[in-house]
Amino acid sequence: MDVFVLQNPDISITNNVLHFKALGHGAKGVNTYEFALDFLEPVKTKVLQRSTQRHVSLVVKKSESHWWPRLTKQERKPLFLSPDFDRWLDESDAEMELREKEEERISKIRTESRVREDPFLYLKRGYLFMYNLVQFLGFSWIFVNMTVRLFILGKGGQTSALQSTLTDINKWS
C-alpha cells in the first residue's frame, strides 16, 4: 500500500492472526486501511512496531524456533507485504546463526571461568617496566653527558668525557 500520513496504527495478534488498522491518506484520499494476516505457525502475541508517516515495520516472533516454508497459510504472499532483505535468513543461515550464538556463549563461559595461570604476572610486568625504564634513563644520561662534553671540549676532550662518565658510573655502583 502506498499510504501517506499514516495515523494511529492499531496492531494486535489474536488466534495467530495479525490485525492491522490505521487511518491514512492514500490514492483514494483519507481512508481506514486494515488487513488481517493469518500466520502458518503459532506466533507470540507481542508485536514490536516502528512506524513513520509512510512506513510501518513490524517484528513478530515465532513461538517455536524452527524453519517455516512460508509466512502465511495462503500459498501466495500478499501484495502489500514486503520482506526486509537486510534481516532475511534462509534455513542454513538460521542454523549457522544459532551455532555461532552457541559458540559465542561457550567461549564467554570459558573466558569467565578461566583461572589466572600466574598469580605474580602483574609483579613481573611491573619489575620489567621499572628495569627497562632505569636502563633507558641510564643510557640516555650517558649519551647526553658525552655529547655535551664533546661539544664543549671539542674532539680533544673525548677521552676526558669518557673518563668522567666512567667515574660517575663507578660512583653510583
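For the numbers below, each heavy atom of this structure counts, side chains included, while hydrogens, waters and symmetry mates do not. Values in this document were obtained by computation on a predicted structure and should not be read as measured data.
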If you group Ile, Leu, Val, Met, Phe, Trp and Tyr by side-chain heavy-atom gaps below 4.5 Å, do [X] and [Y] land in one group?
| X | Y | result |
| --- | --- | --- |
| W68 | L37 | yes |
| F139 | L150 | no |
| V59 | I11 | no |

Which distance, rounded to the nearest 0.5 Å, do you find between the [atom1] of [X] and the [atom2] of [Y]?
| X | Y | atom1 | atom2 | answer |
| --- | --- | --- | --- | --- |
| T147 | I142 | OG1 | CD1 | 11.0 Å |
| K44 | E64 | NZ | CD | 10.5 Å |
| D10 | E34 | CG | CD | 9.5 Å |
| W141 | M146 | CH2 | CE | 10.5 Å |
| F39 | L71 | CZ | CG | 5.5 Å |

- Query: Could you go step by step and tell me if K77 and R70 meet the side chain to side chain contact (heavy atoms under 4.5 Å, CB included) rule?
  - Reply: CA-CA 9 Å; K77 177 181 76 76; R70 62 182 181 277; over 6 Å; no
- Message: Please check if the number of heavy atoms outside K62 that lie under 6.0 Å from its NZ is greater than 12.
- Response: yes
- Message: Let's go through Q135 and Y131 carefully: what are the C-alpha distance in whole Å and the side-chain angles of both, what is the deciding distance for side chain to side chain contact (heavy atoms under 4.5 Å, CB included) to 0.1 Å, and is it a yes or a no?
- Response: CA-CA 6 Å; Q135 289 288 321; Y131 177 82; 3.8 Å; yes
- Salt bridge check: are E102 and R105 linked by an N-O gap of less than 4.0 Å? yes
Kindly list each side-chain donor-acceptor pair under 3.5 angstrom involving residues 13-23, sequence neighbours excluded, with atom names and distances?
unit_1	atom_1	unit_2	atom_2	d
T14	OG1	H19	NE2	3.0
N16	OD1	V43	N	2.9
N16	ND2	E41	O	3.0

